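Take a look at the structure set out below.
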Amino acid sequence: MEESNKEMLMIQKWLNQHNELYTSATRHPFTLSIRDGSVDLSAFKRWLGQDYIFVRAFVPFIASLLLKAWKESDDDSDIEVILGGIAALNDEVSWFKREASKWSVSLSSTVPQKANLEYCRFLESLMSPEVDYTVAVTAFWAIEAVYQESYAHCLSDGSKTPEELKETCQRWGNDGFGQYCHTLQNIANRRLEKSPEDIISKAEATLMRVLEYEVEFWNMSRGET
Ligand SMILES: Cc1ncc(CO)c(N)n1
């Protein structure tokens, strides 16, 4: 391993080593098509309905992370950070309902697609008490960071994001959420620094699984089941 990697924090090292996979999740053709204004609105509506189902499954995952933080964390402030994430999700669920009615997407009749079911099943597996807090908080950071990076890119210089999709991009692309993701990354790095080798490799494998599920989730908006 080159010298620089030794001092580098674990997450940064992994993002360098798995840069291609990280880029395929954070610069996906779907979000790039939002950024260049060529997005197919039926793909956007498909994503909206599926993501509402995902966010509903995300709630118990974060609740389980709060419990792991309470039981295992060495730093009480982690609980407040995770609590902040739960509070934001409360607002997020109502945002989805408003946005869905704006696009006449019926959330109640949306059927979860295969990629969504598999991702939600993976989330559920991370809720098990056997899964270490360090592994789960690394997954939480990765899940949030993919959306923050993807949607921030739709708002940065040179973007031609359609006006009616800007609110969606702002939801995850805003600086405040960017700060929140950095806070999560710091928690994950702090925990990883003190973790034994087996936990570190479990966290790395989980990060890669999250990135793969995120790519499949974006692919789903194309409508191939
Ligand atoms: C699929 C997916 N990943 C991440 C996020 C961010 O919370 C989301 N809303 N949906």
Side-chain angles (χ1 to χ4, degrees), residues 15 21-32 34 43-66 81-100 103 105 107 110-127 136-155 165 167-185 187-188 206-223 225:
L15 292 187
L21 177 54
Y22 188 68
T23 304
S24 62
T26 55
R27 296 289 183 271
H28 187 275
F30 173 68
T31 49
L32 292 182
I34 292 175
F44 173 77
K45 291 180 195 174
R46 226 173 273 124
W47 165 81
L48 187 69
Q50 294 301 313
D51 209 47
Y52 172 72
I53 293 169
F54 177 87
V55 164
R56 300 302 303 244
F58 201 37
V59 173
F61 165 74
I62 301 192
S64 76
L65 184 69
L66 189 66
V81 173
I82 297 163
L83 218 42
I86 291 178
L89 268 189
N90 184 39
D91 172 52
E92 191 148 295
V93 168
S94 12
W95 176 84
F96 268 98
K97 289 176 179 166
R98 279 199 311 277
E99 194 69 11
W103 295 98
V105 169
L107 295 177
T110 300
V111 178
Q113 302 285 300
K114 186 165 167 291
N116 202 351
L117 287 170
E118 286 168 358
Y119 198 177
C120 292
R121 202 172 302 133
F122 173 69
L123 265 191
E124 197 169 343
S125 72
L126 296 177
M127 291 166 60
V137 78
T138 300
F140 181 40
W141 159 76
I143 293 167
E144 300 293 48
V146 165
Y147 266 45
Q148 207 287 323
E149 291 266 358
S150 297
Y151 283 118
H153 189 55
C154 296
L155 299 169
L165 299 184
E167 193 188 317
T168 297
C169 299
Q170 276 296 350
R171 170 135 218 99
W172 289 279
N174 69 76
D175 293 343
F177 190 59
Q179 284 306 316
Y180 183 72
C181 291
H182 273 113
T183 306
L184 293 179
Q185 188 177 32
I187 292 174
T206 300
L207 165 60
M208 295 174 74
R209 293 278 305 278
V210 164
L211 296 176
E212 286 153 4
Y213 282 115
E214 288 290 345
V215 172
E216 288 312 312
F217 199 92
W218 294 130
N219 288 342
M220 185 174 56
S221 65
R222 277 199 291 254
T225 40

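Owing to the predicted nature of the structure, the values given are computational and were not obtained by experimental measurement. Start at 1 and go down the list; that is how both ligands and their atoms are numbered.
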_Suppose I only count heavy atoms of Trp172 and a 4.0 Å limit; which atoms of ligand 1 are within that range?_
6 (C), 7 (O), 9 (N)

*By number and element, which atoms of ligand 1 are closer than 4.0 Å to a non-hydrogen atom of Phe58?*
7 (O)

*Heavy-atom distance under 4.5 Å between the side chains of Met127 and Pro60, does that happen here?*
yes

*Tyr119 and side-chain hydrogen bond (donor to acceptor under 3.5 Å, both in side chains): which partner among Glu216, Glu124, Arg209, Glu214?*
Glu214

*Run the numbers for me: atoms of ligand 1, each under 4.0 Å from some heavy atom of Glu144, listed by number.*
6 (C), 7 (O)

*Indicate yes or no: does an N/O atom of Glu214 lie under 3.5 Å from an N/O atom of ligand 1?*
yes

_Out of all atoms in ligand 1, which are within 4.0 Å of some heavy atom of Val55? Include the element for each._
9 (N)

*What distance do Thr26 atom OG1 and Gln148 atom CD have between them, rounded to the nearest 0.5 Å?*
10.5 Å

*Sub-4.0 Å heavy-atom approach of Asp51 to ligand 1*: yes

*Could you walk me through whether Phe217 and Tyr213 pass the ring pair (Phe, Tyr, Trp, His ring centres under 6.0 Å) check?*
CA-CA 6 Å; Phe217 199 92; Tyr213 282 115; over 10 Å; no

_Under a 4.0 angstrom heavy-atom cut-off, which atoms of ligand 1 come close to Phe217?_
1 (C)

*Protein heavy atom at shortest distance from atom 8 (C) of ligand 1*: Tyr147 CE2, 3.3 Å

*Going by an N to O cut-off under 4.0 Å, is there a salt bridge joining Arg56 and Asp51?*
no

*Does the ring centre of Trp95 sit less than 6.0 Å away from the ring centre of Trp172?*
yes

